[in-house]
Undergrad: 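Have a look at this one.
Lettering of chains follows the sequences in order, A, B, ..., and the numbering in each one begins at 1. Note that this is a predicted model, so its numbers are computed, not measured.
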Amino acid sequence: MAEIELKTAPADFRFPTTNQTRHCFTRYIEYHKCVAAKGEETPDCHKFAKYYRSLCPGEWVEKWNEQRANGTFPGPL
Amino acid sequence: MSLACQIEGKFPFFTTLGGGGLKGGLHTTGAKWFMIESQRHSYHLVDPSPWPISGSLGALATTVGGVMYMHSFQGGATLLSLGLIFILYTMLVWWRDVLRESTLEGHHTKAVQLGPRYGSILFIVSEVMFLFAFFWASSHSSLAPTVEIGGIWPPKGIGVLDPWEIPFLNTPILPSSGAAVTWAHHAILAKKEKRAVLALVATVSLALVSTGFQGMEYYQAPSNISDSIYGSTFFLATGFHGFHVIIGTLFLIICGIRQYLGHLTKEHHVGFEAAAWYWHFVDVVRLFPFVSIYWWGGI
């Protein structure tokens, strides 16, 4: 039986504080910037998706996805 | 020259009131110089006054009326207006009494003048703390913008003023007005009464120009106080500063009128000094919103 590997986003020196809110937010933005630049297909953006999904609470992501759909997302995309 | 003599020289009708005249020698006319000569100390023992209690009642009506008005209670607006009128009336008559006691009755000896001087300085210190809180709020919100506003400042979609247009034009006007009030002070010290009035007219004119520009700026502003934390902090800080400019302008207008009427002398012009200190506080404080809110916070 294979071991399940549990991993979160690696430590990022831009976000040294215990509160990782901004880390989550930045990774979410980096993912969507990456997709906008390279398209959905490339595997290059997968790592950003993994990072923000492990850092961000689900409700936040849902809210931001809605905001992006409505054109009201406040972040620098 | 003693204070009583100054008053006599300045206001001829006092000569008839008190007798004596400039060469009369004060101790010979002691009985006629009522309070000034009848007391052996230089402190002002005030008469009972109704204004503290009327001011308190006005403040109570304003507070209760304000709460009632903001919660849409019937009669809230009436009580609020009544309270504000009461406070304004109290300010008018209280200050009128102080002017009578100081300028006309001569109770404000050098020792007594220390009171309003310390009072004015402490008041200005408290005003510095008051405005400091708004700059703190602005810096707190803009130095590390929260995720809710996208982590950027100014927040997305908020239109900001170009700091190099009206804000930059308006910034040197208040310090210039501060220079003009220093000119007025020197004119008073040099006993150039007319020139002091002229200098105060220049001071007040510059103040009015500044308020006019601020009004224009608000009128054309691309955002308002309801537009996110940016609008809240921007209009709270700049609006309260503008309000202080208006208070300082009224203070200077009163000084100009009193200078015109000959109330201010080379030796005794505490009211003017307080207005000048207040005015320097207001004009120096203008530099902080310009640098941190308009310029740094708007680019």
Undergrad: Please flag which part of A:Trp64 lies under 4.5 Å from any non-hydrogen atom of chain B: side chain, backbone, both or neither.
TA: side chain
Undergrad: Anything under 30° is parallel, anything over 60° is perpendicular, the rest tilted; go ahead and classify B:His244 against B:Phe281.
TA: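 Perpendicular, since the angle between the ring planes exceeds 60°.
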Undergrad: So what's closer than 4.5 Å to chain A heavy atoms on B:Ile149: side chain, backbone, both or neither?
TA: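 The backbone, not the side chain.
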Undergrad: Just checking B:Lys156: does its NZ atom have more than 12 heavy atoms from other residues, nucleotides or ligands closer to it than 6.0 angstrom?
TA: yes
Undergrad: Would you call B:Glu273 and B:His185 a side-chain contact if the rule is heavy atoms closer than 4.5 Å?
TA: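 Yes. Closest side-chain heavy atoms under 4.5 Å.
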Undergrad: Under 3.5 Å, is there a donor-acceptor pair between the A:Thr21 and A:Asn19 side chains?
TA: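 A pair is found: one side chain offers a donor N or O, the other an acceptor, under 3.5 Å apart.
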Undergrad: As an exercise: rank B:Pro145, B:Gly151, B:Pro155, B:Gly157 by heavy-atom pairs under 4.5 Å with chain A and give me the winner.
TA: B:Pro145
